[in-house]
Each structure stands twice: as structure tokens, then as C-alpha cells.
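By convention here, the first residue in the shown sequence is residue 1.
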Amino acid sequence: MHATGTVSGVNEQLDSQGHLRHLVTLDGLSGDVLTGLMDRAEAYLIAPGQPGPGDRSLEGLTVCQLFYEASTRTKISFELAARRLGADVVNLVIPSSSATKGETVLDTLLTIQSMAVDFFVIRHKEAGLMRNIATQVCDRTSLINAGEGQQSHPTQGLLDVLTIRQHKKDFENLSIAITGDIRHSRVARSTCHALLALGVHDLRLIAPENLLPESNELTHARRYTDFDAGITDCDVIMMLRLQKERMQSGDIPDLDSYRKHYCLTSPRLKLARGDAIVMHPGPINRGIDMDSEVVDGRQSVIHQQVGNGVAVRMAVFAAIADGKKS
Ligand code: NCD
């Protein structure tokens with residue numbers, strides 16, 4: 001096996017010619033790289049019922065999806081993205097795979113790699129796993145992180161900033177609030193990295209004290225425990241789910257009290273700018289994260305985020321495929 005040792009630092013996600021080789025994290029990618037991926041994604045956005053873009057960048061290439069954690073929109077959108085670019089796609093169903101016999105993720109991946117697979121799309125709870133695997137795969141193999149513990153979810157971060165850009169042109173002058181269980185959110189971390197790279201100055205994190213990130217993390221953002229103070233005059237409000245599956249039992253808040261202080265309701269939304277957009281990565285717990293009136297209201301761009309997810313993942317696949325051809 002020819003191991004390449006490609007990702008030991010974030011910028012080593014890029015090859016010597018600047019092409020994306022893997023997508024493990026947004027941390028350390030420049031605003032220019034992110035803007036390039038957003039521009040490319042825009043070109044893939046198709047109206048429902050319209051023909052695809054006719055781009056077969058992935059023809060002859062194979063994508064294998066390894067989802068060790070639950071997923072709806074991320075998994076489906078990666079598969080649609082790959083198929084729309086002409087790839088073959090295989091999915092390993094983890095609960096009936098050799099993982100149940102004790103095979104490690106790395107051994108599973110290296111086994112499937114021997115069948116000439118070009119891309120692995122991986123979701124797993126273990127922080128650091130993606131970077132470790134990326135150092136051990138062969139030259140032709142690329143990894144795309146589809147969610148890594150509470151650490152990172154780079155394609156979600158990309159689709160979030162693309163959605164913001166479609167509504168608000170100038171990142172530097174925006175006030176953006178991220179609210180909810182930030183401590184356990186890989187989405188918040190990746191989206192914050194992207195927002196920072198794109199020049200956002202006024203980034204606000206709003207949560208009960210024990211659901212804010214550790215004080216040495218995301219230090220460029222301002223922290224609030226008072227939701228109303230935090231969302232006042234915001235242009236963008238991104239809500240997050242309580243990710244109980246990653247909490248110690250003592251961290252799980254009392255739901256009535258949480259709802260009272262942190263659920264995005266219509267009256268609370270009025271504190272933001274009148275043209276503020278409301279985002280959520282999904283899945284939503286209606287009545288806890290947000291009231292249905294807001295989820296389905298005129299300021300919600302949640303379905304647009306989902307649609308952008310396919311285009312962003314096409315852009316990431318195509319950008320990596322460029323490097324494979326050069
Ligand atoms: C998120 C995830 O899995 O990190 N969902 C997603 O990918 N769109 C957020 C969550 O699970 O709450």
C-alpha cells in the first residue's frame with residue numbers, strides 16, 4: 001500500500017497545486033478557497049424540475065459512504081451530489097457490517113479502498129479520526145468529513161455561509177447569532193470557522209452557560225446567556241438542537257426552563273432586524289429549539305439550506321476531482 005501522509009496540518013488538505021485533496025475541516029482554509037467553493041456551488045443550483053448542469057466531473061469515479069452516526073439530509077445530499085456528477089455510489093450499512101465484529105474504521109476503509117474507491121464520505125463520533133485516516137490512505141483516495149464528533153462538519157459550514165451570502169451580500173458588516181447547544185455542535189464550530197475566514201466581526205454565541213463552548217474556544221465570538229440581548233439587531237439567527245446524545249446526563253437542561261429562555265418564538269424574533277434570516281441545520285425539535293410559527297415563517301431559510309447542501313457537496317466533489325485529473 002502506498003500511504004501518502006497527506007493531512008497532518010489543515011492546509012495539507014490542499015495539494016501542491018492548491019487543489020482540494022481531502023475535506024477534513026474548514027479551520028485554516030482561506031476566505032478565497034471558501035468563496036471559490038461557494039461560487040462553484042452556485043453554478044450547480046438547479047430549480048426543481050430543471051435538467052441537471054450536465055457536468056459529469058465524477059464519471060468513472062466511485063464514492064463510498066460510511067455513516068457511523070445517524071443522518072438524513074447530509075447522507076442523502078452527498079449521495080445525490082455524487083450521482084448528479086456521474087459517480088457510482090455505494091453505502092455501507094454500518095449495523096450489518098463487519099464493524100459489529102470489531103473491525104476498526106481504518107481497517108474497514110482500507111479494505112474497501114482495495115476495491116478502487118476514489119472518495120470516502122465519513123461520519124463518525126470520534127474527534128481526530130478523519131485527520132488520522134487521511135494520513136493513511138493511498139494517493140487516489142480522498143476523504144470528505146460528513147460530521148466528526150462535536151468537532152467539525154465542514155460541508156454544513158459551507159452550505160450555511162452560502163445561504164447567508166444568498167441573502168446578505170457583505171459578510172464584514174453582518175451581526176450573526178448562533179443559539180442553542182453550541183458546546184456539542186460540530187455545525188457551530190465549522191460555521192464559525194467559515195464566518196471568521198469570510199471576515200464576520202460581530203459573531204454572537206447564545207446559550208446557557210454550560211452549553212457555551214469552553215472559554216478557550218471560538219474566542220473571536222461574543223458570548224451571551226441572555227437570548228434577547230444576544231439577538232437584538234441581528235441579521236442572521238442560527239438555531240441549534242439540544243444534542244442530548246453528546247451530553248453528560250447532568251448537562252441536559254430542564255426542557256420547560258430551556259424552552260422559556262432559549263426557544264426562538266415570534267415575539268423574540270422581532271428583536272432581530274426585520275429582514276433577519278432564520279437558519280437551522282436540522283433536525284429540528286419543534287417547540288424546543290424553535291416554535292413552528294418561526295420554522296415555517298417568512299424569515300425561515302431552512303429548506304433553502306437543505307437545497308444548498310446538494311450544490312455545496314457537488315462543488316466539493318468536483319473541486320477534489322479537478323486535482324485527481326491534473
Ligand atoms: C447536524 C449534525 O448531524 O451535526 N445535522 C446535520 O448534519 N444537518 C446537527 C444535529 O444533529 O443537530
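- Between Phe119 and Phe317, the ring planes are perpendicular. Angles over 60° get that label, and only those under 30° would be called parallel.
- Neither side chain, Thr225 nor Glu209, offers a donor N or O lying under 3.5 Å from an acceptor on the other.
- The heavy-atom pair separating Gly157 from Thr191 by the smallest distance is CA-OG1, 3.5 Å.
- Neither side chain, His184 nor Glu245, offers a donor N or O lying under 3.5 Å from an acceptor on the other.
- Side chains of Glu293 and Ser266: a donor-acceptor N/O pair is present below 3.5 angstrom, by distance only.
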List, one per line, each side-chain donor-acceptor pair under 3.5 Å for residues 85-95, sequence neighbours excluded.
unit_1	atom_1	unit_2	atom_2	d
Asn91	OD1	Gln65	NE2	3.0
Asn91	ND2	Glu79	OE1	2.8

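- No side-chain N or O of Asn132 forms a donor-acceptor pair with one of Glu126 less than 3.5 Å apart.
- Side-chain polar atoms of Gln150 and Gln243 form no donor-acceptor pair below 3.5 angstrom.
- Counting only N and O atoms by type, the side chains of Arg313 and Ser77 include a donor and acceptor under 3.5 Å apart.
- At a cut-off of 3.5 Å, with distance as the only test, no side-chain donor of Thr163 or Gln304 sits close to an acceptor on the other residue.
- In terms of heavy-atom proximity, Gln151 sits nearest to Ala127 at OE1-CB, 3.2 Å.
- Ser57 and Asp55 form a side-chain donor-acceptor contact under 3.5 Å, judged by distance and modelled atom types alone.
- Side-chain polar atoms of His22 and Arg131 form no donor-acceptor pair below 3.5 angstrom.
- By the salt bridge (charged side-chain N to carboxylate O under 4.0 Å, His left out) test, Glu172 pairs with no residue at all, sequence neighbours left out.
- Partner of Leu195 under the side chain to side chain contact (heavy atoms under 4.5 Å, CB included) criterion, out of Leu203, Val236, Asp202: Leu203 alone.
- Judged purely by distance below 3.5 Å, without hydrogens or angles, the side chains of Ser152 and Arg186 never pair a donor atom with an acceptor atom.
- A donor-acceptor contact closer than 3.5 angstrom is absent between the side chains of His153 and Asn145.
- Taking 4.0 Å as the cut-off between side-chain N and carboxylate O, Arg298 and Asp275 do not count as a salt-bridged pair.
- Partner of Met290 under the side chain to side chain contact (heavy atoms under 4.5 Å, CB included) criterion, out of Asn285, Ile302, Leu269: Ile302 alone.
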